[in-house]
Engineer: 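So that we are looking at the same thing, I have put the structure below in structure tokens.
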Amino acid sequence: MATAPASRAASLAAALSLSAVLLLHPRILGSRLGPVEHALLPVLLLGVSGAFVVGLGYRPDNRLARAVLSPAVSWSLMSLGLAVLVLRRLAA
């Protein structure tokens, strides 16, 4: 099943914006990363990586890789990572 162009564009835009924010302004996460934030950063970055794969239109031949790099998984990982980071920042 092919990914819709709108989904690809949204995934690419989200991946570009999140990676730009994290690369250009890393202090947005806070000056000190606690264990929870440090553990969730790879989850967020895996979601960004998957969104780049979806946004650029690459479709892996392997079923497992195709499932892991799907838009639903990528967006879920990005949403989970962002939600926990934002909630932790608001609680501090």
Engineer: When you group the ILVMFWY residues by side-chain heavy-atom contacts below 4.5 Å and let the links chain together, are Phe52 and Leu45 in the same group?
Structural biologist: yes
Engineer: Please answer: with hydrophobic residues joined when any side-chain heavy atoms are less than 4.5 Å apart, are Leu82 and Val48 in the same cluster?
Structural biologist: yes
Engineer: Any heavy-atom pair between the side chains of Leu44 and Leu22 that's under 4.5 Å?
Structural biologist: yes
Engineer: Any sub-3.5 Å donor-acceptor pair from Arg66's side-chain atoms to Asp61's backbone N or O?
Structural biologist: yes
Engineer: Which heavy-atom pair separates Leu77 from Gly47 by the least distance, and what is that distance?
Structural biologist: CB-CA, 3.7 Å
Engineer: Are Leu80 and Val43 close enough that some pair of their side-chain heavy atoms sits under 4.5 Å apart?
Structural biologist: yes
Engineer: May I have the list of side-chain donor-acceptor pairs in residues 11-18 shorter than 3.5 Å, sequence neighbours left out?
Structural biologist:
unit_1 : atom_1 : unit_2 : atom_2 : d
Ser11  : OG     : Ser7   : O      : 3.0
Ser11  : OG     : Trp75  : NE1    : 2.9
Ser17  : OG     : Ala13  : O      : 3.0
Ser17  : OG     : Ala14  : O      : 3.0

Engineer: In Å, rounded to the nearest 0.5 Å, how long is the span from CG of Leu40 to CG of Leu46?
Structural biologist: 11.5 Å
Engineer: Please go through Tyr58's hydrophobic cluster and name the other residues, only I, L, V, M, F, W, Y counting, with side-chain heavy atoms under 4.5 Å joining them.
Structural biologist: Val53, Leu69
Engineer: State plainly whether one hydrophobic cluster holds both Met78 and Leu85, where clusters connect Ile, Leu, Val, Met, Phe, Trp and Tyr through side-chain heavy atoms under 4.5 angstrom apart.
Structural biologist: yes
